[in-house]
Peer 1: 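Below are the structure tokens for one structure; questions will follow.
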Number of protein chains: 2
Amino acid sequence: MNTVPKSQRQLILSSIRRSLLELESATKVELSDKLEISFPTISKFLTQMEKEEEITSVGLDESSGGRRAKRYTYNPEHTLGLAIFLEKTETNYTIFNCAGEVKEQGNAPSVLVDNGLHLLTELIEKIVTANPSEIRSMAIGVPGAVDHGRIFHIPGYDSFRNFDLKGYYEDYFSRPVVVENDMNVAVVGFNDNSGMKGDPSLVYLYAGHNGPGAGLMVNGKVVRGSTFFAGEVQYVQQYDEQNFGQAIKSGDGNIDATSRLIALFTATINPQTVILCNDEAEQATIEKIEQATAKYIPNEHLPQFETVIGRKIIYSG
Amino acid sequence: MNTVPKSQRQLILSSIRRSLLELESATKVELSDKLEISFPTISKFLTQMEKEEEITSVGLDESSGGRRAKRYTYNPEHTLGLAIFLEKTETNYTIFNCAGEVKEQGNAPSVLVDNGLHLLTELIEKIVTANPSEIRSMAIGVPGAVDHGRIFHIPGYDSFRNFDLKGYYEDYFSRPVVVENDMNVAVVGFNDNSGMKGDPSLVYLYAGHNGPGAGLMVNGKVVRGSTFFAGEVQYVQQYDEQNFGQAIKSGDGNIDATSRLIALFTATINPQTVILCNDEAEQATIEKIEQATAKYIPNEHLPQFETVIGRKIIYSG
DNA sequence: ATCACTTATTAAACGCCTTTAATAAGTGCA
DNA sequence: TGCACTTATTAAAGGCGTTTAATAAGTGAT
């Protein structure tokens with residue numbers, strides 16, 4: 001429940017991968033120092049990884065007085081991932097490499113219909129087999145509440161309710177599958193993609209058809225909430241008589257309401273980044289929002305603003 | 001930076017301790033199953049812990065068809081902890097056992113003065129040596145911003161600024177020391193004390209002399225924020241023209257303002273518990289706040305309300 | 001009471017990471 | 001070119017948790 005002492009091998013492997021991506025390139029000694037794993041162990045793993053072309057050598061370092069060290073870099077094409085967003089009107093998917101570059105993008109009819117599971121399975125199979133390189137992980141964003149890969153609240157789409165989509169597809173496709181609320185897939189994706197150091201906090205704001213929503217990550221972990229209600233920001237009471245949901249609908253209060261929301265996040269979890277995801281999110285609007293937020297919060301604590309068009313957001317296992 | 005592969009031994013030990021406290025009592029097999037650690041390893045550790053009187057056997061289980069299993073329980077007196085809150089007007093301290101029972105409580109003159117470090121050291125030494133049982137960990141709550149045990153922002157008390165209090169005392173007393181913002185010590189303490197399962201989210205609200213504050217824990221981890229601004233809830237804009245700080249000062253809006261704040265936390269991080277810490281927090285007021293909150297948020301998502309008088313909050317390493 | 005069966009505990013063999021020692025590869029200076 | 005020195009890599013020995021096998025302790029039925 002608490003500590004998951006999963007295979008030490010996997011732990012070492014994934015920490016090497018992470019560091020190698022973060023550092024762009026590294027020598028064995030650098031990795032050993034950074035990860036506090038002994039040199040021989042790092043050496044053994046890297047040798048293996050090089051044999052499998054997961055990493056490649058990019059030559060020798062300049063000598064620092066002694067024998068020159070070999071420098072390695074991660075091969076971003078080794079691990080491809082697939083992200084799928086199930087939406088009311090259509091299904092979006094993206095294939096990307098672990099450096100976050102989009103390799104392919106497309107859409108298909110919505111699978112949120114009767115017998116939708118079957119449709120989704122067919123879609124994924126088609127994508128996976130059509131792709132020359134191997135797709136090694138997948139993330140599925142659903143418009144509902146998810147607990148450990150089980151969809152337990154998805155208003156309107158009964159055929160998926162209470163279904164362990166993660167377990168089902170991990171068996172079916174034999175590779176890691178993430179199933180999350182669509183907002184949460186988005187934050188996780190942004191984070192993995194951005195190569196930020198440490199375990200940052202970030203907020204992903206989305207103004208969709210069915211009301212606004214937020215995806216939250218705090219200290220590097222997705223926040224779902226005790227009743228999976230986290231991120232339902234429309235309920236935040238912002239004015240004497242209006243909550244965020246009402247204010248955003250009324251139209252002209254848009255900028256102030258959004259900036260109040262960002263101020264609120266700053267004064268509570270103080271994230272380092274806020275991602276605005278909205279088709280109308282042009283640079284001019286963003287700047288207005290930034291300025292408006294500064295009215296409420298001391299300047300030095302304001303988050304960094306990022307924007308994303310649509311949902312080209314990426315997940316890497 | 002990311003994964004801290006700290007000594008496996010410590011990891012196993014602390015997970016055994018946690019489980020034993022959480023389960024009240026357990027057999028070797030139960031621990032081995034729960035923690036996914038092999039039976040022989042659990043056995044070795046428990047034998048050692050029993051020899052050192054950290055755990056005690058409480059007899060044999062009923063047979064479930066074969067040989068009867070020995071059942072162990074944690075000895076709460078084995079590990080005593082000390083929590084110290086540095087305040088403007090005085091210094092509070094509490095000694096408690098790992099079951100959260102307070103063993104001793106007291107206060108001393110404030111050490112937030114010139115040469116305060118020296119005073120604090122003397123105070124701790126006195127407490128530690130005066131106590132018959134060994135105090136194995138300590139937590140210090142300071143009214144300022146703390147990063148990895150280093151106090152880097154503490155308005156008004158220059159003698160502590162930019163000082164690595166944690167490092168200093170860990171060297172000096174040779175035992176684990178936690179230094180945190182006072183709010184954060186409070187949440188961590190509440191959590192460790194409450195024996196909650198999993199990694200919960202909780203919010204600790206405190207209405208102190210120098211304005212309101214909140215301590216946040218999300219997914220079991222303290223939230224400090226990217227600029228250590230997390231929990232500065234007075235900046236939340238709650239009404240057309242007032243933020244929380246102003247509303248709470250104006251007096252009569254107290255209940256509505258507090259309930260709006262709790263609603264806001266529910267609609268963002270959705271914590272399972274909100275702890276109200278306020279001398280005036282009587283049962284009647286709490287109930288009014290609960291009712292007021294329900295106006296803003298669907299009932300089933302409301303957090304559990306807890307109250308604490310003063311700051312009798314506990315930390316256990 | 002003995003036997004078949006279940007379950008707890010202990011003992012031995014193995015695997016894997018670490019620590020320590022040894023070797024190889026460079027550099028700079030006489 | 002050869003020697004002293006630095007640094008990278010490889011090899012050997014040790015520690016520790018796991019897996020597997022063996023043993024001990026109970027239970028219920030014949």
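Sequence lines set the chain letters: A, B, ... in the order given, protein chains first and strands last, and positions in each chain run from 1.
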Peer 1: Determine, for nucleotides 19-30 of chain D in 5'-to-3' order, which nucleotides have protein heavy atoms under 4.0 Å from the base (write B), from only the sugar-phosphate (write S), or from neither (write -).
Peer 2: B----BBBS---
Peer 1: In whole angstrom, give the distance that lies between atom CG of A:Asp61 and atom P of D:dT6.
Peer 2: 20 Å
Peer 1: Can you see which heavy atom on B:Ser201 is nearest to which on B:Val218, and at what distance?
Peer 2: OG-CA, 3.6 Å
Peer 1: For A:Glu170, is there an ion pair with A:Lys166 - N to carboxylate O distance below 4.0 angstrom?
Peer 2: yes
Peer 1: Within the structure, does a side-chain N or O atom of B:Lys44 lie under 4.0 Å from either OP1 or OP2 of D:dC16?
Peer 2: no
Peer 1: Could you check how far CD of A:Gln48 sits from C1' of C:dC16, rounded to whole Å?
Peer 2: 14 Å
Peer 1: OP1, OP2 of D:dT10 versus side-chain N and O of A:Ser43: anything below 4.0 Å?
Peer 2: yes
Peer 1: Looking at B:Phe152, is its backbone amide N or carbonyl O close enough to the side chain of B:Asn162 to form a donor-acceptor pair, meaning the two atoms are under 3.5 Å apart?
Peer 2: no
Peer 1: Does B:Asp147 offer a backbone N or O that forms a donor-acceptor pair with the side chain of B:Arg224 under 3.5 Å?
Peer 2: no
Peer 1: Please work out if A:Thr41 contacts a base, only the sugar-phosphate, or nothing of the nucleic acid, heavy-atom cut-off 4.0 Å.
Peer 2: base
Peer 1: May I have the distance from A:Leu13 (atom CG) to C:dC17 (atom C1'), rounded to whole angstrom?
Peer 2: 14 Å
Peer 1: Quick one: list whatever passes side chain to side chain donor-acceptor pair (under 3.5 Å) with B:Glu62, sequence neighbours left out.
Peer 2: none
Peer 1: I need the minimum non-hydrogen distance between A:Thr47 and A:Lys28, along with the two atoms involved.
Peer 2: OG1-NZ, 4.2 Å
Peer 1: Using whole Å, report how far NZ of A:Lys70 lies from C1' of C:dG26.
Peer 2: 16 Å
Peer 1: Does the distance from a Lys or Arg side-chain N to an Asp or Glu carboxylate O, for A:Arg18 and A:Glu22, drop under 4.0 Å?
Peer 2: no
Peer 1: Rounded to the nearest angstrom, tell me the gap between atom NZ in A:Lys28 and atom C1' in D:dT10.
Peer 2: 9 Å
Peer 1: Calculate the interatomic distance between B:Phe45 atom CZ and C:dT9 atom C1'; express it in whole Å.
Peer 2: 18 Å
Peer 1: Whole-Å distance between C:dT18 C1' and A:Ile12 CD1?
Peer 2: 11 Å
Peer 1: Can a donor-acceptor pair be found between the side chains of A:Ser57 and A:Lys70 at a distance below 3.5 Å?
Peer 2: no
Peer 1: Below 3.5 Å is the cut-off: list the nitrogen or oxygen pairs between protein and nucleotides 28-30 of chain C, distance only.
Peer 2:
none

Peer 1: For the pair made of CD1 in B:Ile37 and P in D:dT18, what is the distance, rounded to whole Å?
Peer 2: 6 Å
Peer 1: Do A:Thr79 and A:Arg136 have side-chain N/O donor and acceptor atoms under 3.5 Å apart?
Peer 2: no
